[in-house]
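Just dropping this structure here.
Nothing here was measured: the structure is a model prediction, and the numbers come from that model.
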Amino acid sequence: MSLAPLLEAAPAIPLHASAAMAAFVLGAVQLAAPKGTLPHRTLGWTWVALMAIVAISSFWIHQLRLLGPFSPIHLLSIFTLGVLPFAVWKARRHEVGAHRRSMIMLFSGALVVAGLFTLLPGRIMHQVVFGP
């Protein structure tokens, strides 16, 4: 394991990866911790900010160019930026079920599934975890 490929990448990539890793850890804590408490709300806002950083920073990452400078993964970023305010709005309206579904969907899709794809051969995180 070496962080060198990540640290040598364009600035958006380490920002994106570090925000994603922090969001993953914080999201796991949020899923396991008691809901509706002040810590849950405070950590939730931090998680939302991290997810926004992950989604926005992805627009400066162009390793896979399938649609001009973008790839289909950028659609996930657009989706994330749409679902985040929706999920917050549902929490503020005390619609816990819709809030829970939205946040779990973002965690599992935008962090877990998308994160697994970063481990494919040829990707920077593959080099970080498994070596060149």
Side-chain angles (χ1 to χ4, degrees):
M1 179 183 246
S2 169
L3 291 177
L6 187 59
L7 299 175
E8 294 167 359
I13 295 173
L15 171 65
H16 179 80
S18 59
M21 289 184 277
F24 178 81
V25 171
L26 187 55
V29 168
Q30 283 289 82
L31 290 173
K35 312 300 182 267
T37 63
L38 181 60
H40 177 78
R41 290 190 299 274
T42 304
L43 292 177
W45 279 112
T46 304
W47 189 82
V48 167
L50 286 168
M51 288 301 293
I53 291 168
V54 171
I56 292 167
S57 65
S58 76
F59 294 111
W60 281 266
I61 300 173
H62 305 289
Q63 306 309 107
L64 302 173
R65 296 172 179 256
L66 299 175
L67 304 166
F70 301 107
S71 70
I73 194 73
H74 290 99
L75 295 174
L76 179 59
S77 296
I78 294 167
F79 179 76
T80 298
L81 291 172
V83 173
L84 279 173
F86 172 81
V88 170
W89 179 60
K90 289 299 182 180
R92 295 188 57 83
R93 292 180 47 99
H94 303 285
E95 296 180 34
V96 177
H99 170 71
R100 179 186 307 114
R101 284 188 298 278
S102 298
M103 291 304 195
I104 290 172
M105 178 177 54
L106 283 175
F107 180 82
S108 58
L111 288 175
V112 176
V113 174
L116 289 173
F117 278 107
T118 68
L119 296 176
L120 291 173
R123 306 293 307 273
I124 290 174
M125 290 309 293
H126 181 274
Q127 294 174 19
V128 168
V129 174
F130 301 111

Smallest separation among heavy atoms of Gln127 and Gly122, with atom names
NE2-O, 4.4 Å
If you apply the rule side chain to side chain contact (heavy atoms under 4.5 Å, CB included), what do you find for Phe107 with Ile104, and how did you get there?
CA-CA 5 Å; Phe107 180 82; Ile104 290 172; 5.6 Å; no
As a test of understanding, state which of Leu106, Ile56, Leu75 forms a side chain to side chain contact (heavy atoms under 4.5 Å, CB included) with Thr80.
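The residue from Leu106, Ile56, Leu75 that satisfies side chain to side chain contact (heavy atoms under 4.5 Å, CB included) with Thr80 turns out to be Leu106.
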Heavy atoms, side chains only, cut-off 4.5 Å: are Phe24 and Val112 in contact?
yes
Roughly how far apart are Leu81 CG and Ser58 OG, rounded to 0.5 Å?
7.5 Å
Are Trp45 and Phe86 joined in one hydrophobic group, where the rule is that I, L, V, M, F, W and Y side chains link up if heavy atoms are under 4.5 Å apart?
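Looking at the clustering, Phe86 is in a separate group from Trp45.
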Would you find a donor on one side and an acceptor on the other, under 3.5 Å apart, between the side chain of His16 and the backbone of Phe59?
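Here the side-chain-to-backbone pair does not exist.
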With a 4.5 Å cut-off on side-chain heavy atoms, are Trp47 and Leu84 touching?
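A side-chain contact exists here, since the closest heavy-atom pair is under 4.5 Å.
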Hydrophobic cluster membership, with links at side-chain heavy-atom distances under 4.5 Å among I/L/V/M/F/W/Y: are Leu76 and Leu120 in one?
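Different clusters.
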One pair to check against side chain to side chain contact (heavy atoms under 4.5 Å, CB included): Leu50 and Leu26. What are the steps and the verdict?
CA-CA 9 Å; Leu50 286 168; Leu26 187 55; 4.1 Å; yes
Determine, using the 4.5 Å side-chain heavy-atom cutoff (strictly less than), whether Val48 and Phe79 are members of one ILVMFWY cluster.
yes
For the atom pair CZ (Phe117) and CD1 (Ile73), what is the distance rounded to the nearest 0.5 Å?
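Here the rounded value is 7.5 Å.
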Is there a path of hydrophobic side-chain contacts, each under 4.5 Å between heavy atoms, that joins Met125 and Leu15?
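Hydrophobic grouping puts Met125 apart from Leu15.
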Point-to-point distance, once rounded to the nearest 0.5 Å, from CD1 of Ile124 to CG of Leu119:
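With rounding to 0.5 Å, CD1 (Ile124) is 12.5 Å from CG (Leu119).
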Should His40 and Pro34 count as side-chain neighbours, where that means a heavy-atom distance under 4.5 Å?
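Heavy-atom side-chain distance check fails, nothing below 4.5 Å.
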Nearest 0.5 Å, please: how far is NZ in Lys35 from NE2 in His99?
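Spacing of NE2 (His99) from NZ (Lys35) equals 9.0 Å.
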Which distance, rounded to the nearest 0.5 Å, do you find between the CG of Leu31 and the CE of Met103?
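Output value for this atom pair is 10.0 Å.
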Going hydrophobic residue to hydrophobic residue with side-chain gaps under 4.5 angstrom, can you get from Leu116 over to Ile61?
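Hydrophobic grouping puts Leu116 with Ile61.
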Taking every non-hydrogen atom, the tightest pair across Ser102 and Val83
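Answer, listing the atom of Ser102 first, then Val83: CB-CG1, 4.0 Å.
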Nearest non-hydrogen partners of Pro85 and Gly82, listed with the distance:
CD-O, 3.4 Å
Check: Leu3 and Val128 side chains under 4.5 Å, non-hydrogen atoms:
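Side-chain contact under 4.5 Å: yes.
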Looking only at non-hydrogen atoms, find the nearest pair between Leu6 and Ala17 and report the distance.
CD1-CB, 3.8 Å
Do you know which two heavy atoms are closest between Arg41 and Gly36, and how far apart they sit?
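The pair with the smallest heavy-atom distance is NH1-O, 2.6 Å.
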Closest heavy-atom contact between Ser57 and Val54?
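Closest heavy-atom pair between Ser57 and Val54: OG-O, 3.1 Å.
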